[in-house]
Student: 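Input: one structure, supplied below.
Hydrogens, waters and symmetry mates play no part in the numbers below; they use all other heavy atoms, side chains included. Not measured: the values here are computed from a predicted model.
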Amino acid sequence: MMMEDRNAVKSVWANGIVPYEISPNLGRQAEIQEAFRMISGFTCIRFIPHTDELHYISIKDGKGCASFIGMTGGSQPVYFAQSCTTGNLAHELIHALGLYHEHTRNDRDEYISINWSSVIPSKKRNFKVKNGDTLNQPYDYDSIMHYGPSFFSADGNPTIVTHKKAQKIGQRIRLSPLDIKKLNILYKC
C-alpha cells in the first residue's frame, strides 16, 4: 500500500491533526487509543474523532497491518487485523503520518545487508532502497519502522543482517528517540 517512494513524504496532515474513524465491527478501542498515545505522547501530532473533515484515516480490519505513506486525501484506510499488535498499529500510523521503513533508506547498505535469496519473492519490494528525505537523521536500528531480522523470510533464514554484531532490530514496543525526533521535524513540533 505504499504510494510514495521516499523515507519521509511531504504530504503531511495539516497542523499535525489526524481525524480518524474506527470501523464499528473492529472493537479494540483500548489498543487503538494506546497506539495514538504512543505517538501523541511525544509529538505535537493529535488524533481526533472524524466529524466532517475531508481527509481522515479509517481504521478497519483486514488481512494484516497496512497503511499508505503520508496523507493521501479523502478516507484513507489503515488496516489493523486481529493478528496485529498495538505496536504494529503505531508503525502503520507512522506510515500514514509520512515515514517509510528505516531499512529502505538510501544509506542502508552502510548498516545492513539484505539476504535477497531468503526474502519471499512477492515481498521483495518491501526491501528495496527508497530515495528520499531522511530528515538529516542517522540510521536507527531501534526504530519501530525497522523490520526484524527474519521478516518475510521464505526459508527461515534472516532477511536482514546488521553490520554491527548483536544489534537488535524490528521492535514494535515503542517509538525510538529518533522516531520521535523525525516526526517532530516532519511536523515542525
Side-chain angles (χ1 to χ4, degrees), residues 1-9 31 34-43 45 63-70 78-187 189:
M1 291 190 59
M2 275 59 85
M3 293 177 65
E4 291 289 337
D5 192 26
R6 293 176 282 180
N7 296 98
V9 298
E31 292 169 88
E34 179 58 25
F36 290 162
R37 282 190 296 277
M38 286 174 73
I39 297 166
S40 63
F42 299 97
T43 68
I45 297 160
K63 292 183 180 177
C65 316
S67 175
F68 289 106
I69 307 296
V78 174
Y79 295 101
F80 185 41
Q82 289 300 315
S83 60
C84 302
T85 66
T86 301
N88 291 134
L89 180 58
H91 173 101
E92 298 307 331
L93 291 170
I94 293 170
H95 277 320
L97 289 166
L99 296 184
Y100 204 71
H101 293 127
E102 190 70 8
H103 62 275
T104 61
R105 290 168 51 126
N106 57 8
D107 62 351
R108 65 103 182 269
D109 292 337
E110 297 173 35
Y111 306 94
I112 63 167
S113 297
I114 305 299
N115 183 5
W116 291 104
S117 63
S118 290
V119 178
I120 295 169
S122 64
K123 299 298 182 182
K124 287 188 177 187
R125 64 183 164 78
N126 293 354
F127 294 84
K128 290 186 178 177
V129 168
K130 307 295 182 191
N131 294 318
D133 191 353
T134 60
L135 302 168
N136 296 316
Q137 297 305 304
Y139 195 86
D140 186 10
Y141 290 109
D142 193 37
S143 175
I144 199 168
M145 303 309 290
H146 205 301
Y147 277 6
S150 298
F151 279 31
F152 297 115
S153 178
D155 56 14
N157 289 319
T159 52
I160 300 176
V161 177
T162 63
H163 294 179
K164 284 186 172 181
K165 300 260 189 237
Q167 185 67 49
K168 292 186 179 188
I169 54 173
Q171 63 88 14
R172 295 292 181 270
I173 306 299
R174 58 173 169 62
L175 276 64
S176 73
L178 279 172
D179 290 329
I180 294 165
K181 187 172 185 180
K182 288 174 189 175
L183 287 171
N184 282 329
I185 291 168
L186 190 60
Y187 281 87
C189 296

Student: Assert yes or no for the condition that the ring centre distance of Phe151 to Phe127 is strictly below 6.0 Å.
Tutor: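 Ring-ring flag for Phe151/Phe127: false, centres at least 6.0 Å apart.
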Student: When rounded to the nearest 0.5 angstrom, what distance separates CG in Leu186 from CG in Leu183?
Tutor: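 The CG atom of Leu186 sits 7.0 Å away from the CG atom of Leu183.
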Student: Given 3.5 Å as the limit, does a donor-acceptor pair link the side chain of Arg172 with the main chain of Asn88, or not?
Tutor: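 No; judged by distance alone, with no hydrogens or angles, the pair does not exist.
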Student: Does the pair Lys182/Asp133 count as a salt bridge with the N-to-O cut at 4.0 Å?
Tutor: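 Not counted as a salt bridge, because no side-chain N and carboxylate O are separated by less than 4.0 Å.
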Student: With sequence neighbours left out, which residue pairs that include part of residues 156-166 fulfil the side chain to side chain donor-acceptor pair (under 3.5 Å) condition?
Tutor: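 Only Ser113-His163, Asp155-Asn157 qualify under side chain to side chain donor-acceptor pair (under 3.5 Å).
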Student: Restricting to non-hydrogen atoms, name the atom on Ser150 and the atom on Pro158 that form the minimum distance, rounded to 0.1 Å.
Tutor: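 Here Ser150 and Pro158 meet closest at OG-CA, 3.9 Å.
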Student: In the structure I gave you, are the side-chain heavy atoms of Leu89 and Cys84 within less than 4.5 Å of one another anywhere?
Tutor: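 Side chain of Leu89 against side chain of Cys84, heavy atoms only: no contact under 4.5 Å found.
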Student: Going from OH on Tyr100 to NZ on Lys130, what distance comes out if it is rounded to the nearest 0.5 angstrom?
Tutor: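 Output value for this atom pair is 4.0 Å.
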Student: Verify, without hydrogens or angle tests, whether Ser143 (side chain) and Asp140 (backbone) share a donor-acceptor contact under 3.5 angstrom.
Tutor: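 The answer is no, because no donor-acceptor pair under 3.5 Å joins these two groups.
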Student: Looking at side-chain heavy atoms only, is the closest gap between Lys63 and Tyr79 below 4.5 Å?
Tutor: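 No, too far: nothing below the 4.5 Å cut-off.
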Student: I need the minimum non-hydrogen distance between Ser67 and Val78, along with the two atoms involved.
Tutor: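 Reported closest heavy-atom pair: OG-CG2, 3.9 Å.
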Student: With the side chain counted from C-beta on, respond yes when Asp142 and Leu178 share a heavy-atom pair under 4.5 Å apart, and no when they do not.
Tutor: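 Answer no - side chains too far apart.
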Student: Within this structure, what is the CD1-NE2 distance for the pair Ile144 and His101, rounded to the nearest 0.5 Å?
Tutor: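 Between Ile144 CD1 and His101 NE2, I get 11.0 Å after rounding to 0.5 Å.
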Student: Donor-acceptor pair, distance only, cut-off 3.5 Å: does the side chain of Asn184 make one with the backbone of Phe42?
Tutor: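 Between the backbone of Phe42 and the side chain of Asn184 there is a qualifying donor-acceptor contact (under 3.5 Å).
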Student: I need the Asn126 CG to His103 NE2 distance, nearest 0.5 Å.
Tutor: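 The CG atom of Asn126 sits 6.5 Å away from the NE2 atom of His103.
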Student: Sequence neighbours excluded, which residues qualify as side chain to side chain contact (heavy atoms under 4.5 Å, CB included) partners of Glu34?
Tutor: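 Side chain to side chain contact (heavy atoms under 4.5 Å, CB included) check on Glu34 returns Arg37, Met38, Thr86.
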Student: CD/Glu102 to CE/Met145 distance, rounded to the nearest 0.5 angstrom?
Tutor: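 That separation rounds to 9.0 Å.
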Student: Would you check if the side chain of His146 reaches a backbone N or O of Lys168 as a donor-acceptor pair within less than 3.5 Å?
Tutor: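 Looks like no, no N/O pair under 3.5 Å.
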Student: Return the set of residues passing side chain to side chain contact (heavy atoms under 4.5 Å, CB included) with Asp107 (not counting sequence neighbours), or none when no residue passes.
Tutor: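 Listed in chain order: Arg105, Glu110, Tyr111, Tyr139.
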Student: Side chains of Ile114 and Ile160: does their closest heavy-atom pair fall under 4.5 Å?
Tutor: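 Contact flag for Ile114/Ile160 side chains = yes.
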Student: Any side-chain heavy atom of Leu97 sitting closer than 4.5 Å to one from Thr43?
Tutor: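 No, side chains not in contact.
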Student: Once you round to the nearest 0.5 Å, how far does CH2 of Trp116 lie from NZ of Lys128?
Tutor: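 Rounded to the nearest 0.5 Å, the CH2-NZ separation comes out at 7.0 Å.
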Student: Check whether any side-chain heavy atom of Ile45 sits under 4.5 Å from a side-chain heavy atom of Leu93, and report yes or no.
Tutor: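 Not in contact.
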